[in-house]
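Here is the structure we will look at, set down as structure tokens.
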Amino acid sequence: MSVRSVSASASASAWAPMAITAFRVLWFAQLGSNIGTWMQTVGAQWYLVEAAAGATVIALVQTASLAPAMLFSLPAGVLADSLDRRKLLIWGSAASALIATGLTVIALYDGLTPWTILGFTFLLGITSTLTSPAWQAIQPELVPRELIGASSALGGVTVNGARAVGPALAGVVLSIAGAPVVFGINALSFVAAIVALWWWKRPPQEGLEDREAFGPALRAGVRYVASAGLVRRILLRSALFALPASALWALLPVTATRLGLDSSGYGFLLGALGLGAVLGIFVLPFARAHLSDNAVIAASAILFAAGAVAAAVLPFGVMLVLLVLAGLAWIGTLTVLNAALQLTLPQWVRSRGASVYILVFMGTMAIGSFVWGIVAQLIGTAAALGASAVLLLLVAASVRLLPLLPGTGTVDRTISLTWATPMLVFEPDPADGPVLVQISYTVRPGALREFRAAMRLVERSRRRTGGSRWGLYRSGEDEDVQLESFVVPSWGEHRRQETQRLTGRDREIRAAALAVCDGMPVERHYFANGDPRSHGSP
């Protein structure tokens, strides 16, 4: 079934994206890879538990896995927007398979040490970071817009559902066959992902023939996020949740030792979180149909706080139940934030925007895991988990002051390609710049206040798409004439600004300003003075 043939009625089902063959195949590939990754994580953590490495070192497994997001997320986003995403995912999965194979060989020859474990975990975190923006960016290609929310929830299940299977399976395999087999299964899971990606006959990615250089592309992505209020609020909500929530993930192995559990018992604890995430796929559509996204975020923080308290002081049976609810809360927060991000980011910057999201969320988790490990070493695991629960309750309360902004996920982000190419007296090179753009407007009498209000939105649009040093000036000779001015780094950047980055929403913003003007605005372009030999004298 093609993406376009999915009916509108199917969009009401949480499983509707599974009717699309490409989505289904890649979904199972991701699920298998994530199961292998969680098996590897449990194997690494339990090795450190048995080695009596201490709470700080055990928590460092989580940090080693997530810290690469702080270093490589932004470059990964640029690569995913600049290169063919399918090929990037294939090469990234191949690198992960090689690293996991290396860890397997070392484990077979009894060469494991705490630093070996942390080093290979860090390397696998690098390859995961380099491919994560591409995995997120291809989701809107696989399903129609009305199914992005459902596909985001299912995407979360590939991670959190893997928690229900991977840890329990790892516990059994560890007790029967040992760590080398666990690490070997992880290597094979990456091979399966390569096969699925090779099978996927993706249409050629548009825009690669005119891709930006790495540096300008990186700056453009950061500039967009810095100027996009909707995206910044999503990032803030993700960081507020990730910092206290990281305590439970980092300290759960230590909790297992409090209860006297073996590797299988620890697998059940992680599996309970994963089971809750799987249940979330059934519960969340109903919850989001009756509650706002902000209410879901607040409720999720409260439920995750209950899971942290359970891990701190409650017995095994009660803890399992509350960990299931915590897993549901985890997928609830991630589904809301991921869906909002994918629907808010335009195609041209989707991977770079996703990479900033990964940087913020995973980076906060990595720092939080390290901090909570130290806190647990100083005041005890139970007290550290209790403190994280208090912070999660504050996060829930903060939704009233810092909600997701109205319009998140609903604005028109389709690319608008119309641009009347300026008639210049010379043909500039794409690298020529900086370019000063000045646009003169004649405002209707009495509409100046309305025009200036509209231009505040125009300013944000210009900055999102590549402009800087924006200003609005009034004429000293004609009270109805206003001059907009901004600078673009190069002529090629300005051309992309007008042909590849303008969305339907940007056009609406400009139209609102022009609606209170007489006639068409007059636009002029000024280049830095330099050697005129390449262009001729005007």
Side-chain angles (χ1 to χ4, degrees), residues 38 41-42 44-66 114 160 163 167-168 171 239-277 298-330 333 364-398:
W38 273 104
T41 299
V42 171
Q45 288 179 325
W46 202 252
Y47 169 83
L48 295 176
V49 168
E50 291 186 330
T56 301
V57 176
I58 294 171
L60 279 176
V61 173
Q62 183 88 346
T63 301
S65 176
L66 300 177
N160 297 285
R163 286 191 177 100
L240 288 175
F241 179 74
L243 182 61
S246 62
L248 181 58
W249 295 113
L251 300 177
L252 201 58
V254 185
T255 297
T257 62
R258 172 180 72 82
L259 297 171
L261 301 177
D262 59 10
S263 61
S264 297
Y266 172 53
F268 275 116
L269 293 181
L270 278 176
L273 285 163
L275 176 60
S300 296
I302 294 171
L303 287 177
F304 209 83
V309 171
V313 297
L314 296 181
F316 181 73
V318 179
M319 185 195 306
L320 282 180
V321 174
L322 290 178
L323 287 180
V324 169
L325 294 178
L328 192 155
W330 178 265
T333 297
T364 304
M365 288 282 291
I367 294 172
S369 298
F370 176 68
V371 170
W372 288 117
I374 294 176
V375 171
Q377 200 81 39
L378 294 174
I379 66 175
T381 302
L385 288 169
S388 74
V390 172
L391 290 178
L392 282 164
L393 294 178
L394 293 176
V395 168
S398 72

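The shown structure was predicted, so the numbers you read here are calculated from the model rather than taken from an experiment. If you read the sequence from its start, that first residue is 1, and numbering goes on from there.
Contact check for L243 versus M365: no side-chain heavy atoms found under the 4.5 Å cut-off. Under the 4.5 Å side-chain criterion, counting only non-hydrogen atoms from C-beta, L323 is in contact with L248.
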Donor-acceptor pairs are to be reported for all side-chain atoms of residues 302-311 against protein atoms at under 3.5 Å, with residues two or more places apart or in another chain.
none

Atom pairs and distances, side-chain donor-acceptor, residues 383-393, under 3.5 Å, sequence neighbours left out:
residue : atom : partner : partner atom : Å
S388    : OG   : L385    : O            : 2.7

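For the pair L273 and A326, the tightest heavy-atom approach, listed with the atom from each and the gap, is CD2-CB, 3.8 Å.
Rounding to the nearest 0.5 Å places CG of L259 at 7.0 Å from CG of L269. Here the CG atom belonging to L251 is positioned 10.0 Å from the CD atom belonging to Q377, to the nearest 0.5 angstrom. Rounding to the nearest 0.5 Å gives a distance of 9.5 Å between OG of S246 and CD1 of I367.
For V318, the side-chain contact (heavy atoms from CB on, under 4.5 Å) criterion is met by L314, P315, L322, not counting sequence neighbours.
Listed for the T333 side chain is no donor-acceptor partner under 3.5 Å among the backbone atoms of W330.
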